[in-house]
> 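Structure incoming, see below.
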Amino acid sequence: MTIRVLLADDQALLRGTFRLLIDAQPDMEVVGEASHGREAVRLARSERADVVVMDIRMPDVDGIEATRLIGQDEDLAGVRVLVLTTFEEDELVVEALRAGASGFLGKGVEPSHLLDAVRLVAAGEALLSPSATKGLIARVLSQPSPGDLADPQRLATLTPREREVLTLVGTGLSNDEIAERLFVATVTVKTHTNRAMAKLGARDRAQLVVIAYETGLVRAGERQG
């Protein structure tokens with residue numbers, strides 16, 4: 001199955017470089033290029049993109065608002081957004097995750113890492129590494145403004161095991177790591193994760209992480225033992 005990628009960046013040279021890299025892969029292809037967020041939303045729909053590689057800073061509609069519009073559109077429920085940014089923009093990164101992004105990368109990323117990231121988010125995983133990045137997300141999400149706090153009662157629909165798995169997802173553990181921690185099969189962890197996503201209305205693991213912090217289920221610096 002070929003991963004259909006949309007490139008959204010106001011720098012034509014960067015888009016061209018990414019296009020050459022992605023189109024050279026046997027399992028992915030670039031299906032469109034957008035120079036601003038409004039165009040990105042339109043092309044995501046018309047070109048049936050699987051992954052949008054989205055710059056944050058763009059004219060007209062920026063990448064965060066474009067990500068939010070994609071996340072709110074039921075017709076684009078299968079579209080994943082991978083945000084490109086500089087790591088100095090901590091709060092913008094977290095805002096993008098809250099808007100529905102599946103993860104983010106720095107613009108200076110190694111080509112192989114970009115390709116791996118596209119494959120990862122296309123599979124519905126969250127790109128919240130390396131560890132320093134997880135720490136950044138934990139720090140900012142654990143200190144939201146009062147209006148941003150999610151109601152802890154939102155978690156009431158979860159079973160005790162689903163809640164336990166959500167807590168571990170929130171700390172950045174992979175399915176394999178969670179399975180090892182709980183002494184269960186990886187497929188069992190996937191099942192609990194998918195059920196938690198369905199009950200909480202989360203598009204992917206990145207949104208589960210956001211929910212875990214905003215409801216207070218996980219706090220910055222906690223270690224699950």
Side-chain angles (χ1 to χ4, degrees), residues 2-41 43-44 47 49-68 70-71 79-141 171-174 204-207 209-210 213 220:
T2 301
I3 302 170
R4 299 172 63 82
V5 182
L6 172 64
L7 302 174
D9 196 297
D10 60 347
Q11 299 181 43
L13 179 60
L14 190 61
R15 294 199 311 271
T17 300
F18 285 165
R19 174 182 278 276
L20 289 173
L21 175 65
I22 291 170
D23 280 345
Q25 307 308 308
D27 60 339
M28 59 183 74
E29 65 175 331
V30 174
V31 295
E33 297 182 27
S35 59
H36 55 77
R38 195 180 308 279
E39 187 178 21
V41 177
L43 288 176
E47 301 303 322
D50 298 310
V51 177
V52 181
V53 179
M54 183 90 73
D55 184 25
I56 284 185
R57 296 191 180 279
M58 291 187 292
D60 188 15
V61 172
D62 66 20
I64 292 175
E65 181 59 23
T67 298
R68 185 174 292 112
I70 289 173
V79 178
R80 302 288 180 253
V81 176
L82 176 62
V83 169
L84 288 179
T85 183
T86 57
F87 290 120
E88 288 77 16
E89 300 173 303
D90 291 3
E91 294 199 6
L92 289 179
V93 167
V94 175
E95 191 175 348
L97 289 173
R98 283 192 172 122
S102 294
F104 61 93
L105 289 173
K107 284 194 173 182
V109 65
E110 291 291 329
S112 61
H113 291 169
L114 172 64
L115 296 173
D116 288 344
V118 171
R119 294 183 179 104
L120 191 68
V121 299
E125 297 294 329
L127 185 70
L128 304 178
S129 57
S131 298
T133 299
K134 294 175 185 174
L136 151 69
I137 296 168
R139 184 176 71 252
V140 180
L141 282 179
T171 64
L173 296 183
S174 68
D204 55 27
R205 290 174 74 92
Q207 288 200 331
V209 173
V210 172
Y213 280 102

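One is the number of the first residue; the rest follow in order along the sequence. Quick caveat: nothing in here was measured; it's all calculated off a predicted structure.
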> Quick one: list whatever passes side-chain hydrogen bond (donor to acceptor under 3.5 Å, both in side chains) with Asp204, sequence neighbours left out.
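Counting only residues at least two positions away or on another chain, Asp204 forms a side-chain hydrogen bond (donor to acceptor under 3.5 Å, both in side chains) with Ser102.
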> Can you name the nearest heavy-atom pair linking Glu33 to Leu43, along with the distance?
O-CD1, 3.2 Å
> How many angstroms lie between CD in Glu95 and OG1 in Thr67, if you round to the nearest 0.5 Å?
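So the CD of Glu95 and the OG1 of Thr67 are separated by 10.0 Å.
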> Return the set of residues passing side-chain hydrogen bond (donor to acceptor under 3.5 Å, both in side chains) with Glu39 (not counting sequence neighbours), or none when no residue passes.
Ser35
> Checking the side chain of Asp23 only, and the main-chain atoms of Val30 only, is there a donor and an acceptor separated by less than 3.5 Å?
yes
> Taking side-chain hydrogen bond (donor to acceptor under 3.5 Å, both in side chains) as the test, write out the residues that go with Glu29, two or more places apart.
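Checked Glu29 against side-chain hydrogen bond (donor to acceptor under 3.5 Å, both in side chains); matches are Arg4.
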> Which pair of heavy atoms, one from Ala117 and one from Leu105, lies closest together, and at what distance?
CB-CD1, 3.5 Å
> Which residues pass the side-chain contact (heavy atoms from CB on, under 4.5 Å) test with Ala8, sequence neighbours left out?
Ala34, Ala40, Val52, Met54, Met58
> When rounded to the nearest 0.5 angstrom, what distance separates CG in Leu84 from CZ in Phe104?
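Here the interatomic distance stands at 11.5 Å.
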> State which residues pass side-chain hydrogen bond (donor to acceptor under 3.5 Å, both in side chains) with Ser174; sequence neighbours excluded, sorted by chain then number.
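Checked Ser174 against side-chain hydrogen bond (donor to acceptor under 3.5 Å, both in side chains); matches are Glu177.
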> Yes or no on side chain to side chain contact (heavy atoms under 4.5 Å, CB included) for Leu7 and Ile22, after CA distance, side-chain angles and deciding distance?
CA-CA 10 Å; Leu7 302 174; Ile22 291 170; 3.9 Å; yes
> Could you tell me whether the side chain of Leu120 reaches within less than 4.5 Å of the side chain of Leu82, counting heavy atoms only?
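No, every pair of side-chain atoms sits at 4.5 Å or beyond.
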> Carefully, step by step, assess Ile56 and Asp62 under the rule side chain to side chain contact (heavy atoms under 4.5 Å, CB included).
CA-CA 6 Å; Ile56 284 185; Asp62 66 20; 5.6 Å; no
> Any side-chain heavy-atom pair from Val61 and Val41 closer than 4.5 angstrom?
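Not touching, per the 4.5 Å side-chain cut-off.
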> Please name all residues satisfying side-chain contact (heavy atoms from CB on, under 4.5 Å) with Gln25, sequence neighbours left out, ordered by chain then number.
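Expected list: Leu21, Asp27, Met28, Leu115, Arg119.
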> Leu97 and Ala206: which non-hydrogen atoms are nearest, and at how many Å?
CD2-CB, 4.3 Å
> Partners of Pro26 by side-chain contact (heavy atoms from CB on, under 4.5 Å), sequence neighbours excluded?
none
> Does Leu14 have any side-chain contact (heavy atoms from CB on, under 4.5 Å) partners at least two apart in sequence or in another chain, and if so, which?
Asp9, Gln11, Phe18, Lys107
> Apply salt bridge (Lys or Arg N to Asp or Glu O under 4.0 Å) to Glu65 and list each qualifying residue two or more places apart in sequence or on a separate chain.
Arg68
> What are the two closest heavy atoms between Val109 and His113, and how far apart are they?
CG2-CB, 3.3 Å
